[in-house]
Novice: 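Structure below; questions to follow.
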Amino acid sequence: MPQAIIGINEAALYPVYQSRQHYRIAVGQEPPPYNPARAPKNWFDSTATSSPRRNVVYDSVIAQGDTGQPLRGPDGKPQLEILVLRKEEAATVNLFENGLGEPAPSEPPIPVPLRPLQPHEELEFGFGGTVVIRDKTIPLPSEQTGFTPADRKLLQLIANKIGLNP
C-alpha cells in the first residue's frame, strides 16, 4: 500500500549500512577497517572503480551543514547538491562504530546519492529534522477533510450495533 511519507533511504541509489555487522551480513565479507582520517561513509558504489576518470560525480545528495544537519533550500525544503568523490573513495565504505575503541569522527558521514524524484514526490523535513520523501498524491491525515471510506464503514458498523439502521 502506498504511503504518503517514506524514508529518504528508499531513494538511495546504493544500500546504506547501519553498522559493520549489517555490512557483514549484507555483503558477506568483513568491511574495511575504519579510517579516522576519512569521513565516515555507510554506502559504496560497486561500479566506481571501472570509471575511466579519477572522480565520480553524483547528481543528487542531501546538502549538509558542517555538523551533518540537512540544509534548507530557499523554499524551506531540504536542499540537494552534487557530490564529487575520487573513484576509490566512492567504491568503499568507512564504517564507524561506537564501542570499538575508535576515535569519534570529526566530520559528518558522506551522504548517499539519491535517485531522481518522481514528479509526484518532494523532499520534506520530518520528525527531528530528518529528511523524508512525501508523495503529493496521497493526502496526509491532517489534510483530509470530511469522512473517509474507512470512517463511513466504521460509522455504519456503529449504527448497526446500536440499532439505528433498519
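Nothing here was measured: the structure is a model prediction, and the numbers come from that model.
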Novice: Return yes if a side-chain donor-acceptor contact under 3.5 Å exists between Gln69 and Thr67, otherwise no.
Specialist: yes
Novice: Can a salt bridge be assigned to the pair Glu121 and Arg115 using a cut-off of 4.0 Å between side-chain N and carboxylate O?
Specialist: yes
Novice: What verdict does the salt bridge (Lys or Arg N to Asp or Glu O under 4.0 Å) test give for Glu89 and Arg38, after you've listed the backbone C-alpha separation in whole Å, the side-chain angles of each residue and the deciding distance to 0.1 Å?
Specialist: CA-CA 9 Å; Glu89 178 71 21; Arg38 294 177 31 223; 2.8 Å; yes
Novice: Verify side-chain contact (heavy atoms from CB on, under 4.5 Å) between Leu83 and Ile110, making sure each step is shown before the conclusion.
Specialist: CA-CA 9 Å; Leu83 173 67; Ile110 296 172; 3.8 Å; yes
Novice: Can you check whether Val132's main-chain N or O pairs, donor with acceptor, with Glu10's side chain at less than 3.5 Å?
Specialist: no
Novice: With hydrophobic residues grouped by side-chain heavy-atom distances under 4.5 Å, do Leu117 and Tyr58 end up in a single group?
Specialist: yes
Novice: Taking the side chain as everything from C-beta on, heavy atoms only, tell me whether Arg24 gets closer than 4.5 Å to His22.
Specialist: no
Novice: Apply side-chain contact (heavy atoms from CB on, under 4.5 Å) to the pair Val112 and Val61, showing each step before the final yes or no.
Specialist: CA-CA 6 Å; Val112 64; Val61 299; over 6 Å; no
Novice: Side-chain heavy atoms nearer than 4.5 Å, only ILVMFWY residues, links allowed to pass through others: does that put Phe44 and Ile8 together?
Specialist: no
Novice: Assess the residue pair Leu114 and Leu13 against the criterion (side-chain contact (heavy atoms from CB on, under 4.5 Å)); give the C-alpha distance rounded to whole Å, side-chain angles, the decisive distance to 0.1 Å, and a yes or no.
Specialist: CA-CA 5 Å; Leu114 304 174; Leu13 287 179; 5.7 Å; no
Novice: Assess the residue pair Leu123 and Gln79 against the criterion (side-chain contact (heavy atoms from CB on, under 4.5 Å)); give the C-alpha distance rounded to whole Å, side-chain angles, the decisive distance to 0.1 Å, and a yes or no.
Specialist: CA-CA 8 Å; Leu123 296 178; Gln79 185 173 330; over 6 Å; no
Novice: Any heavy-atom pair between the side chains of Arg53 and Ser51 that's under 4.5 Å?
Specialist: yes
Novice: Does Arg72 reach the side chain of Pro78, with side-chain heavy atoms less than 4.5 Å apart?
Specialist: no
Novice: Counting only heavy atoms not in Asp66, do more than 12 sit closer than 6.0 Å to its CG atom?
Specialist: no
Novice: Find out whether Tyr23 and Gln29 are in side-chain contact, i.e. whether some heavy atom of one side chain is under 4.5 Å from a heavy atom of the other.
Specialist: yes
Novice: Calculate, to the nearest 0.5 Å, the distance between atoms CD and OG1 belonging to Glu124 and Thr130 respectively.
Specialist: 11.0 Å
Novice: Flag the pair Ile6 / Asp135 as yes when at least one side-chain heavy-atom distance between them is below 4.5 Å, and no otherwise.
Specialist: no
Novice: Which heavy atom in Arg134 sits nearest to a heavy atom in Ile5, and how many Å separate them?
Specialist: CD-CD1, 3.6 Å
Novice: We want to know whether Tyr17 and Asn42 form a side-chain donor-acceptor pair, criterion being a heavy-atom distance below 3.5 angstrom.
Specialist: no
Novice: Remaining members of Val84's ILVMFWY cluster at a side-chain heavy-atom cut-off under 4.5 Å?
Specialist: Val57, Ile82
Novice: With a sphere of 6.0 Å drawn around NZ of Lys136, does it hold more than 12 non-hydrogen atoms of other residues, nucleotides or ligands?
Specialist: yes
Novice: Distance from Arg54 atom CZ to Glu88 atom CD, nearest 0.5 Å?
Specialist: 9.5 Å
Novice: Could you give the distance from OG1 (Thr92) to NZ (Lys87), rounded to the nearest 0.5 Å?
Specialist: 14.5 Å
Novice: Can you find a heavy atom in the side chain of Trp43 that is under 4.5 Å from one in the side chain of Val93?
Specialist: no
Novice: Of the non-hydrogen atoms in Leu71 and Phe125, which two are nearest, and what is the gap between them?
Specialist: O-CZ, 3.9 Å
Novice: Taking all non-hydrogen atoms of both residues into account, name the closest pair between Leu95 and Ser19 and its distance.
Specialist: CD1-O, 3.9 Å
Novice: Given 3.5 Å as the limit, does a donor-acceptor pair link the side chain of Lys41 with the main chain of Ala90, or not?
Specialist: yes
Novice: Taking all heavy atoms of Tyr34 and all of Arg20, pick out the closest pair and write down the distance.
Specialist: N-NH1, 3.7 Å
Novice: Using a 6.0 Å cut-off, check whether atom CD of Gln21 has over 12 heavy atoms from anything other than its own residue.
Specialist: no
Novice: Quick one: closest heavy-atom pair of Thr49 and Ser46, and the distance?
Specialist: OG1-O, 4.5 Å
Novice: On a heavy-atom basis, which atom in Gly65 and which in Pro108 lie closest, and how many Å separate them?
Specialist: O-CG, 4.2 Å
